[in-house]
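Chain identifiers are assigned alphabetically (A, B, ...) following the order of the sequence lines, protein sequences preceding nucleic acid strands; residue numbering begins at 1 within each chain.
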Number of protein chains: 2
Amino acid sequence: MGTTIAGVDGTQSIERAIALLLAVGRAGPEGARPTDLVTESGLPKPTVRRVLKALVRSGLLDQDDGSRRYHIGPEAYVLGLLAGARFGIHAMSLGGLARLSQATGDSAFLSVPRDTYSVCLHREEGSFPLRTHVLQMGDRHPLGVGAGSLAILSMFPDDEVERILEANTAILSTELYKSYSPKVMRELVARTRRDGYAFNPGMLMPGSWGLGVGVRGPDGRPAGALSIAAIERRFDDARAETILPFLQEEAARLEQRLRQPDAEPRPRQAKP
Amino acid sequence: MGTTIAGVDGTQSIERAIALLLAVGRAGPEGARPTDLVTESGLPKPTVRRVLKALVRSGLLDQDDGSRRYHIGPEAYVLGLLAGARFGIHAMSLGGLARLSQATGDSAFLSVPRDTYSVCLHREEGSFPLRTHVLQMGDRHPLGVGAGSLAILSMFPDDEVERILEANTAILSTELYKSYSPKVMRELVARTRRDGYAFNPGMLMPGSWGLGVGVRGPDGRPAGALSIAAIERRFDDARAETILPFLQEEAARLEQRLRQPDAEPRPRQAKP
DNA sequence: AAGAAAGGTCCATTTAGTGGATCATAAAGG
DNA sequence: CCTTTATGATCCACTAAATGGACCTTTCTT
């Protein structure tokens with residue numbers, strides 16, 4: 001068995017299965033067609049089908065009888081609900097996000113770190129009619145890309161930042177992230193730390209600007225970030241100065257709430 | 001390769017992975033220890049470890065550095081969030097569940113069918129201090145077991161009911177479900193259809209009684225059930241008659257809401 | 001400090017998973 | 001209505017991927 005080259009461990013099929021599962025998730029509510037998944041994964045058709053069938057059997061995916069499209073299944077939904085307990089930050093941030101979008105009229109976001117990425121857990125729509133739709137719930141970008149993501153990256157100690165940037169070199173040299181050279185990224189982190197907030201002047205998508213503030217968990221580690229995004233024209237200096245205090249207040253409040261465990265966890269686990 | 005005997009298809013490792021993933025989910029917020037998972041799955045240690053490692057790498061699980069316990073990971077959470085779109089019934093039922101538990105003082109539940117089971121998606125706590133904790137979020141029982149579950153089963157046409165009961169024969173002959181012989185189950189279904197509601201006089205757990213009403217989706221298929229559970233002493237005839245109209249009203253209202261699609265789905269999927 | 005139990009690793013064996021080839025069915029086109 | 005084309009579904013001989021018995025390491029227990 002060629003353990004020496006590439007292949008991480010004896011888990012090829014599992015990794016393929018998970019990749020397909022997440023691909024279906026990313027496809028959104030419309031679901032994913034078998035062919036698209038074949039193309040996207042680069043795997044042979046029978047393999048994809050076999051794996052998807054197993055996922056459907058387990059309930060993690062659903063297959064529409066008519067359209068043959070795959071959707072996320074009930075089992076995945078329940079799993080997410082159960083995970084909710086461990087992601088209290090999401091529930092706890094909802095009030096703050098509502099207040100933020102209310103007060104500013106712009107969309108407000110909660111992002112959390114996941115490995116070397118940041119994931120958008122929530123998007124609270126603002127009232128202003130011209131909106132940026134660059135960041136949607138579930139979207140992920142390498143840490144540092146976007147206001148919230150940059151705010152999170154900047155909370156890590158230097159050695160971790162380097163490790164993260166290194167791990168992301170391949171992805172960051174993609175066309176999509178061309179504005180983010182390692183050098184630029186390090187400057188952004190330095191500036192973010194100095195200012196106490198992250199600023200994204202349309203680096204990912206010209207015209208879509210953002211402002212973010214990091215939130216630490218009770219353990220002092222980066223737990224996430226609150227951010228606000230809007231089109232460029234709404235972001236003059238005066239406005240940024242108006243928004244910032246709100247963001248910082250909500251971030252502080254969220255950090256506070258994370259410190260109080262609250263809610264009784266229910267007992268489980270029994271042995272025969 | 002022994003395709004002839006048992007083994008469904010070439011997906012052994014994937015099925016093991018999913019089984020372990022769900023096992024960790026079931027373990028709840030405290031997480032699951034490696035040894036417990038080895039015991040529970042009956043698989044050899046190295047196999048369990050290899051699989052779990054792959055799940056952690058993917059982010060579907062987390063492993064606590066200190067305790068070595070496994071927890072549901074952020075990726076699973078996000079997947080659940082994305083699935084939320086397809087489980088609008090959950091969001092749509094929250095108001096009704098709150099009103100139900102408010103009005104009756106008892107705990108109110110939303111259950112949905114999943115294959116031959118019913119899964120509890122939500123538990124809205126009531127105010128009355130003596131409560132039954134037989135049904136928790138995420139819990140699953142064979143269709144027919146419990147008030148909500150029985151209400152769902154009764155909405156299926158006869159041939160499907162038979163198919164479901166047959167598929168569940170093995171599980172239903174377990175000690176836990178000993179009150180539910182196929183004969184009893186068919187009687188329960190008949191009665192539920194006649195009365196228009198499901199009644200569970202402590203059949204699963206003596207003293208824990210329940211009342212359930214089914215909800216159909218826009219396609220006419222069973223979409224779920226609302227139910228109320230309380231300890232036996234709170235369930236005299238008069239009380240049941242008080243509660244029922246509430247349940248039926250909320251079930252009707254939910255059915256109504258399910259008929260209106262609302263909310264614009266966002267566009268996705270692009271090809272090169 | 002010895003013993004027990006849980007976590008972690010190694011690697012020869014073989015079965016589970018692979019994927020090229022092929023068939024079936026559903027849309028698109030004449 | 002009958003091709004053509006695209007997509008979905010299936011078969012099965014081959015072998016690399018996954019397996020798991022044996023063994024090592026760390027962390028509690030006594």
- Item | Along DNA chain D (nearest heavy atom to each residue), the more 5'-positioned of A:R68 and B:S13 | A:R68
- The nucleotide from C:dG17, D:dT7, D:dG20 with an atom nearest the side chain of A:R50 is C:dG17
- Task: Looking only at side-chain atoms of B:Q63, point me to the closest of C:dA16, C:dG8, D:dA9.
- Result: C:dG8
- Under-4.0 Å side-chain N/O to phosphate OP1/OP2 contact, B:R16 with D:dT19: yes
- Item | Short side-chain N/O contact to C:dT18 OP1/OP2 from A:Q12, under 4.0 Å | yes
Please report, rounded to the nearest Å, how far the [atom2] atom of [N] is from the [atom1] atom of [X].
X	N	atom1	atom2	answer
A:D64	D:dT7	CG	C1'	16 Å
B:K53	C:dC10	NZ	C1'	12 Å
A:R33	C:dA27	CZ	P	12 Å
A:E15	C:dT18	CD	C1'	16 Å
B:I14	D:dA17	CD1	P	14 Å
B:L52	D:dT19	CG	P	12 Å
A:L43	C:dG20	CG	P	11 Å

What does [X] touch in the nucleic acid at a heavy-atom separation under 4.0 angstrom: a base, only the sugar-phosphate, or nothing?
X	answer
A:P46	base
A:R49	base
B:T47	base

- Query: Do B:F156 and B:L143 touch side chain to side chain, with heavy atoms closer than 4.5 Å?
  - Reply: yes
- Query: Quick one: does B:K45 reach the base of C:dG8 with a side-chain donor-acceptor pair under 3.5 Å?
  - Reply: yes
Just the table, please: protein N/O against nucleotides 3-5 of chain C N/O, every pair under 3.5 Å.
none

- Message: Run the side-chain hydrogen bond (donor to acceptor under 3.5 Å, both in side chains) test against B:D115 and tell me which residues pass, sequence neighbours left out.
- Response: none
Lys/Arg-Asp/Glu bridge criterion (N-O < 4.0 Å) met for [X], [Y]:
X	Y	answer
A:E175	A:K178	yes
B:R123	B:D139	no
A:R69	A:D36	no

- Query: Is it true that atom CD of A:E166 has more than 12 heavy atoms of other residues, nucleotides or ligands lying nearer than 6.0 Å?
  - Reply: no
- Option from A:L52, A:V51, A:L20 for which side-chain contact (heavy atoms from CB on, under 4.5 Å) with A:L61 holds: A:L52
